[in-house]
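Residue numbers begin at 1 in each chain, while the letters A, B, ... track the order of the sequences. Hydrogens, waters and symmetry mates are skipped; everything else that's a heavy atom, side chains included, is used. Everything quoted here is computed from the prediction, not taken from an experiment.
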Amino acid sequence: MPELPEVETTVRALRPLLVNQAITYVHNNWPRHIATPSLAETQYRLHGRHIQAINRRAKYLVFTLSGGETLLIHLKMSGRLLVVDRHETADKHVHTVFGLKNGQELRFWDQRKFGRVYVTRHPEQVLGRLGPEPLETAFTIQVLAQRLHGRSRLLKPLLLDQAFVAGIGNIYADESLFYARLHPQRLANTLTSAEVTALHTAIQKALTLGIEREGASIDLYVKPDGSKGDMQNAVAVFRRTGLPCKECGTPIERMVLGGRSTHFCPNCQT
DNA sequence: ACCGGAGCCTGTTAGC
DNA sequence: TGCTAACAGGCTCCGG
């Protein structure tokens with residue numbers, strides 16, 4: 001599941017390969033991959049554009065293009081972005097292809113077809129509802145405290161809410177709550193100021209570790225060169241049900257919250 | 001304001 | 001062994 005660290009890893013890998021390249025064509029065999037506008041208009045508007053910059057906002061890749069256009073890609077569950085020579089054999093799970101002037105292709109591999117491509121002159125219309133970036137300096141303890149204040153939601157579903165904080169998914173939500181020693185069913189407005197501080201530290205620690213490890217290849221995620229990340233070898237609780245807690249040895253438990261698997265240590269997290 | 005469920009998908013896995 | 005049904009999960013939309 002590509003989350004903030006996986007998308008950030010992808011962005012960093014794509015930058016040296018794609019910045020200053022020009023898009024020469026767009027191929028697609030699954031039109032629903034293109035969220036907006038139509039496939040035909042996407043092809044027309046991307047033709048000949050230069051990629052000026054590649055950045056990340058939450059779990060979106062943001063390609064700044066010449067002529068005021070922005071290409072947004074969300075990998076959702078199973079998306080991979082791969083850069084290969086255009087003569088490489090096609091894989092049946094590649095649904096959108098961006099041809100480049102240098103003879104390579106940016107291929108959007110997406111087994112479960114949840115991923116989406118947007119072309120827009122107004123990216124804020126797609127990105128506008130997102131909450132703060134958890135690794136930026138503007139995301140202070142005070143900001144987190146303010147956003148938790150008065151909320152009577154369970155911590156786990158709240159961390160997954162992209163309007164609350166952007167970029168956290170199921171892996172890093174569970175890891176963050178473990179580091180903060182907070183039970184996933186705690187209500188947001190019951191945290192002490194010390195616990196808010198612990199949660200802030202924990203979110204940044206989990207995400208930073210994920211970036212350092214170049215993402216978690218637990219399901220289908222791989223880097224643009226096809227190799228795996230390493231975060232799956234560093235998780236404390238995610239999908240470690242029944243295995244001993246790395247802090248106290250108590251078996252990790254699993255429960256479903258908000259329809260999502262949730263993994264936690266029943267002894268450490270209160 | 002918050003919660004739960006459906007829907008979008010396909011490959012894997014649990015259960016019979 | 002071979003089949004089917006359940007499951008995984010990011011996000012949006014809908015109804016309560």
Side-chain angles (χ1 to χ4, degrees), chain A residues 1-10 28-36 56-62 72-81 91-96 108-118 120 123 125-131 133-134 146-177 184-191 203 206-207 210 215-222 228-229 231-232 235 237-242 252-264:
Chain A
M1 304 135 273
E3 306 178 24
L4 186 156
E6 288 74 28
V7 177
E8 180 65 26
T9 300
T10 301
N28 172 278
N29 62 15
W30 180 258
R32 270 191 276 180
H33 230 190
I34 313 294
T36 186
R56 180 191 57 74
R57 173 71 173 110
K59 301 175 194 172
Y60 290 85
L61 292 103
V62 181
L72 300 171
I73 298 179
H74 198 305
L75 302 173
K76 291 287 180 85
M77 282 299 302
S78 63
R80 300 170 169 174
L81 287 172
D91 184 288
K92 69 171 183 173
H93 294 303
V94 172
H95 300 301
T96 302
F108 190 176
W109 186 100
D110 190 11
Q111 179 177 282
R112 291 178 197 166
K113 297 179 175 174
F114 282 16
R116 291 295 180 265
V117 173
Y118 307 75
T120 178
Q125 289 179 353
V126 179
L127 307 173
R129 290 183 190 175
L130 294 167
E133 281 292 326
Q146 185 184 357
R147 297 181 80 80
L148 289 165
H149 180 75
R151 304 297 298 269
S152 60
R153 293 185 67 182
L154 304 181
L155 281 182
K156 171 65 186 275
L158 190 59
L159 288 181
L160 293 178
D161 184 344
Q162 300 301 296
F164 179 73
V165 178
I168 299 174
N170 213 28
I171 298 173
Y172 297 93
D174 283 3
E175 295 297 296
S176 295
L177 290 171
Q185 287 180 298
R186 280 287 296 280
L187 292 174
N189 58 7
T190 67
L191 267 58
I203 289 170
L207 295 173
S217 294
I218 291 179
D219 271 344
L220 296 164
Y221 171 76
V222 297
K228 292 185 176 183
M231 182 61 190
Q232 67 276 11
V235 290
V237 291
F238 188 75
R239 291 205 188 163
R240 294 193 67 247
T241 310
I252 299 301
E253 291 187 7
R254 176 185 182 272
M255 61 165 55
V256 175
L257 292 179
R260 293 284 172 267
S261 305
T262 300
H263 315 77
F264 65 102

K.L.:
Could you pull out all residues at least two apart from A:Y172 that satisfy ring-ring contact (aromatic ring centres under 6.0 Å, His included)?
P.N.:
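A:Y172: no ring-ring contact (aromatic ring centres under 6.0 Å, His included) contacts found.
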K.L.:
Which is the 5'-most and which the 3'-most nucleotide of DNA chain B that has an atom under 4.0 Å from a heavy atom of chain A?
P.N.:
B:dC2 to B:dG11
K.L.:
Listed by chain and number, what are the side chain to side chain contact (heavy atoms under 4.5 Å, CB included) partners of A:V165, not counting sequence neighbours?
P.N.:
A:P134, A:F139, A:I168
K.L.:
Check salt bridge (Lys or Arg N to Asp or Glu O under 4.0 Å) between A:R112 and all other residues, then give those that pass, not counting sequence neighbours.
P.N.:
none
K.L.:
Once you apply a heavy-atom cut-off of 4.0 Å, does A:S152 come out as touching a base, just sugar-phosphate, or nothing?
P.N.:
sugar-phosphate
K.L.:
Determine, for nucleotides 9-16 of chain C in 5'-to-3' order, which nucleotides have protein heavy atoms under 4.0 Å from the base (write B), from only the sugar-phosphate (write S), or from neither (write -).
P.N.:
BBB-----
K.L.:
With sequence neighbours left out, write down each residue that passes side chain to side chain contact (heavy atoms under 4.5 Å, CB included) with A:E133, or none if nothing qualifies.
P.N.:
A:L4, A:R56, A:R57, A:A58, A:E136, A:A166
K.L.:
Categorize A:L154 for me: base, sugar-phosphate, or nothing, with a 4.0 angstrom heavy-atom threshold over every strand shown.
P.N.:
sugar-phosphate
K.L.:
Can you name the side chain to side chain contact (heavy atoms under 4.5 Å, CB included) partners of A:L257, sequence neighbours left out?
P.N.:
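Result, side chain to side chain contact (heavy atoms under 4.5 Å, CB included) vs A:L257: A:L154, A:K156, A:P184, A:Q185, A:M255, A:T262.
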K.L.:
For the helix from B:dC2-C:dG16 to B:dC16-C:dG2, measure the angle between the helix axis at one end and the axis at the other, each built from five pairs, rounding to 10°.
P.N.:
60°
K.L.:
Of all residues at least two apart in sequence or in a different chain, which pass the salt bridge (Lys or Arg N to Asp or Glu O under 4.0 Å) check with A:K59?
P.N.:
none
K.L.:
Kindly write out the residues that satisfy salt bridge (Lys or Arg N to Asp or Glu O under 4.0 Å) with A:R151, not counting sequence neighbours, or none if the list is empty.
P.N.:
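For A:R151, no residue satisfies salt bridge (Lys or Arg N to Asp or Glu O under 4.0 Å) once neighbours in sequence are set aside.
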K.L.:
Could you pull out all residues at least two apart from A:R254 that satisfy side chain to side chain contact (heavy atoms under 4.5 Å, CB included)?
P.N.:
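Listed in chain order: A:T241, A:V256, A:S261, A:H263.
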K.L.:
Is A:R239 paired with A:D174 through a side-chain N to carboxylate O contact shorter than 4.0 Å?
P.N.:
no
K.L.:
With sequence neighbours left out, what residues match A:Y221 under ring-ring contact (aromatic ring centres under 6.0 Å, His included)?
P.N.:
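Partners of A:Y221 under the ring-ring contact (aromatic ring centres under 6.0 Å, His included) test: none.
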